[in-house]
Amino acid sequence: MDQRPIGVFDSGSGGLTAVREIRSILPSENIIYFGDTSRVPYGSRSAEILLHFAKQDVRFLRTFDIKALVVACNTATSAAIHDLREAYPDTIVIGIEPALKLAYDRYHGGGIGVMATPMTLREEKFEALMHRYDQSCRIYKIPAPGLVELVERGQADSPEAESLLRELFAPYQGKLDEVVLGCTHYPFAAKAISRVLGSGVALLDGGDGTARETRRRLAEAGLLENGTGEVILTNSLPDESILELSRKLLDEK
Ligand code: DGL
């Protein structure tokens with residue numbers, strides 16, 4: 001038994017989609033979450049800046065004596081995961097990634113769209129992942145500027161989100177069989193995305209895989225906890241309304 005918390009961070013509220021999955025398969029674990037809402041979005045920034053932000057975020061989480069770190073931000077994983085693993089060789093470090101393998105394993109023809117931030121889609125890490133599968137299926141990179149901001153305003157399921165998504169997906173009519181939600185903010189917009197794409201297009205994300213990997217690594221290291229599980233939410237914005245939104249998003253079904 002190890003009561004120390006798992007530290008989780010994202011550029012804002014998006015990483016809470018991963019926390020939901022971690023909580024659902026590891027309900028006994030304590031979690032400390034940091035949302036860097038004062039600097040959201042991460043997706044339009046340079047790799048250098050993101051590395052700097054990620055290191056700061058982790059330094060903050062480490063003040064809570066964390067036993068594992070989950071980078072619940074695809075963008076920060078692309079920019080910083082290698083450096084974080086190198087900087088903290090004694091800590092379990094897990095990074096969420098677009099669930100392209102999962103989409104490929106279920107591929108039935110058509111095409112796979114990968115929605116993610118511009119930063120994730122242009123980084124080498126994603127290119128390498130994509131080239132593992134793009135010989136045998138059609139993969140479309142779909143950046144979705146503006147969607148993260150709508151989630152942060154609590155408008156993931158709003159008419160604004162729907163109209164942004166209609167425009168975004170217009171060029172892909174009839175071309176998509178599955179869509180990977182490669183940014184942790186996007187599962188909050190899943191209802192609007194499904195309304196636009198239709199129920200025949202499967203939506204997949206990396207939250208469950210990340211939670212399973214967290215469980216596997218903790219079990220392997222003998223660090224699983226058997227307690228009641230507490231989630232502490234923290235944010236770089238000193239504003240109670242952001243924590244309120246985070247709690248609401250975390251409990252949303
Ligand atoms: N939620 C983040 C991700 O998974 C990034 C969103 C952003 O700040 O641009 O990529």
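Remember, it's 1-based here, ligands and their atoms both numbered in the order they're listed.
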Check your understanding: Got more than 12 heavy atoms from elsewhere within 6.0 Å of NZ, Lys141?
Key -> yes

Review point. Ligand 1 versus Thr75, non-hydrogen atoms closer than 4.0 Å: side chain, backbone, both, neither?
Key: both

Check your understanding: How far is atom 7 (C) of ligand 1 from its nearest protein heavy atom, and which residue and atom is that?
Key -> Tyr42 N, 3.2 Å

Point to revise | Part of Ser11 with heavy atoms under 4.0 Å of ligand 1, whether side chain, backbone, both or neither | key: side chain

Review point. Parallel, tilted or perpendicular: which fits the ring planes of Phe60 and Phe64, with parallel below 30° and perpendicular above 60°?
Key: perpendicular

**Study point:** Within 6.0 angstrom of Glu240 CD, more than 12 heavy atoms from elsewhere
**Key:** yes

Check your understanding: Does ligand 1 have an atom that lies less than 4.0 angstrom from a heavy atom of Gly14?
Key -> no

Review point. For ligand 1, which part of Asp10 has a heavy atom less than 4.0 Å away: the side chain, the backbone, both, or neither?
Key: side chain

Check your understanding: Between Thr117 and ligand 1, which part of the residue brings a heavy atom under 4.0 Å of the ligand: side chain, backbone, both or neither?
Key -> side chain

Exercise for review: Considering the heavy atoms of Val40, write down every atom of ligand 1 situated less than 4.0 Å from one of them.
Suggested key: 8 (O)

Check your understanding: Should the pair Arg45 and Phe53 be classed as cation-pi, given the thresholds of under 6.0 Å to the six-membered ring centre and 45° from the axis?
Key -> no

Exercise for review: Please work out which of the three classes, parallel, tilted or perpendicular, describes the rings of Tyr140 and Tyr172, given edges at 30° and 60°.
Suggested key: perpendicular

Practice item. Can you pull out the closest protein heavy atom to atom 3 (C) of ligand 1? Residue, atom name and distance to 0.1 Å, please. Key: Asn74 N, 3.3 Å

Point to revise | Ile142/Leu176 under side chain to side chain contact (heavy atoms under 4.5 Å, CB included): CA gap, chis, key distance, verdict | key: CA-CA 11 Å; Ile142 311 179; Leu176 301 173; 4.2 Å; yes

**Study point:** Atoms in ligand 1 with a heavy atom of Gly43 nearer than 4.0 Å
**Key:** 7 (C), 8 (O), 9 (O)

Check your understanding: Are Asp36 and Tyr42 close enough that a side-chain donor and a side-chain acceptor fall under 3.5 Å?
Key -> yes

Check your understanding: Does ligand 1 have an atom under 4.0 Å from some heavy atom of Cys73?
Key -> yes

